[in-house]
Amino acid sequence: MHGTRILQEADRLMTVCNSCRYCEGLCAVFPAMEMRRAFSDGDLNYLANLCHACGACYTDCQFSPPHEFNVNVPKTLAVVRAESYAAYAWPRAFAGAFARNGLVISLIAALSVAAFIFGFAAINDRGVLYGIHTGPGAFYKLMPHNAMALLFGVALLYAILALVMGVRAFWRAIGEPVGMKTDARSLLQAIRDAGELRYLDGGGVGCFNEDDHPTDRRKLYHHFTFYGFVLCFAATCVGTLYHYLLAREAPYAWWDLPVVLGTLGGIGLVVGPIGLLSEKWKRDRVLVDEQQMGMDTAFILMLFLTSVTGLALLLWRESAAMGPLLALHLGMVFALFITMPYGKFVHGIYRFVALVRYARERQMMAE
């Protein structure tokens, strides 16, 4: 017996697929499935997060609807994936956040923080908000650096703690038999697989989206989004080093490394999310979990809005628009931080953990 009805359905499909094995060359899910004769809840959550939703198995399956076996692996595992996010959320009291409209939560949080920063500036000096400020330390005329660092530092640390606790619960649930401790080799293989989006290619032909003609568009837009996020994070880290080690205050010149990294990352986080939203709207509904669309869209839009407000701030930072744009951008960033553990962001973390487990399993089978 399984904990939920969808896990029971996933067990049925994996049993059918384990008997057929026609799709074993398409991705990591089916070889991992073949290593098991029975499936626990943890096994099914592991396989669901290992799935990259390329849709190839549905297109190739001889038992997909309207066959009486009704095998639809992509959609079933998408539902299992979404439920796994809530199942391992920390604190448990916040698990219900996954079932709510993520976009509304994110926008309310963003606008609330923006309003707080507007108020902070207005209380101190109304002229600061709409004044023109240039040179090092211009941003901190709106809000002191220490207050800004404390506010966002606490939000980020909370997000990291919540994610770590969720991953810890997920790792324990997917099962770690004796001798399955993660090693450097499996970790490096997982990093490579994640960095290449190795399993978002339908076994090599591409991803199936709105029809039976596979393309690499979803993979390309995922790359723009992922590496755009990485570059923006790198820009933040370098900016922190500039401030504390070199005593250089933001904003920085266009040619400085934090600005270069942030600009490139921002462009990636505009192109990628736009492309992903376009592909999502065109995607064949038979492949997706309709209940998850709100959460998916909310996360993509938050990334897009964070990037757009950041690029706008870069362009107009020496004008009277700097204050309002900074407040709005900081609000978006804060909202992104506090909603990360309870939105689609976790899918990348859990998927990476599943890839680590899969890499280790393959090594053990080869030994």
Which residues share a salt bridge (charged side-chain N to carboxylate O under 4.0 Å, His left out) with Asp201, sequence neighbours left out: none

Distance-only polar pair, side chains of Thr215 and Asn209, donor-acceptor under 3.5 Å: no

Polar contact flag, side-chain donor to acceptor under 3.5 angstrom, Asn18-Thr15: no

Sidechain-backbone polar pair: Arg351 side chain, Cys51 backbone, donor-acceptor under 3.5 Å: yes

Neighbour count above 12 (heavy atom, 6.0 Å) for Arg21 CZ: yes

Close aromatic pair by centroid cut-off 6.0 Å: Phe334 and Phe152: yes

Aromatic ring pairing Phe229/Phe233, orientation class (parallel under 30°, perpendicular over 60°, tilted between): parallel

No-hydrogen, no-angle side-chain donor-acceptor test under 3.5 Å, Tyr88 and Asn45: yes

OH (Tyr158) with more than 12 external heavy atoms under 6.0 Å: yes

Within 45° cone of Tyr46 ring axis and under 6.0 Å: Arg357 NZ or CZ: yes

Stacked cation flag Arg317 on Trp254, 6.0 angstrom / 45 deg: yes

Contacts of type salt bridge (charged side-chain N to carboxylate O under 4.0 Å, His left out), residue Lys219, not counting sequence neighbours: none

Contacts of type salt bridge (charged side-chain N to carboxylate O under 4.0 Å, His left out), residue Arg36, not counting sequence neighbours: Asp43, Glu361

Those residues that, when tested against Arg5, pass salt bridge (charged side-chain N to carboxylate O under 4.0 Å, His left out) (two or more places apart): none

Chi angles and distances behind the side-chain contact (heavy atoms from CB on, under 4.5 Å) call for Glu210, Arg283: CA-CA 4 Å; Glu210 67 269 24; Arg283 193 161 173 78; over 6 Å; no

Salt bridge (Lys or Arg N to Asp or Glu O under 4.0 Å) contacts in which one or both residues fall within residues 239-253, not counting sequence neighbours: Arg248-Asp256

Any Cys17 side-chain heavy atom under 4.5 Å of Val71 side chain: yes

Residue list, ring-ring contact (aromatic ring centres under 6.0 Å, His included) with His2, at least two apart or on another chain: none

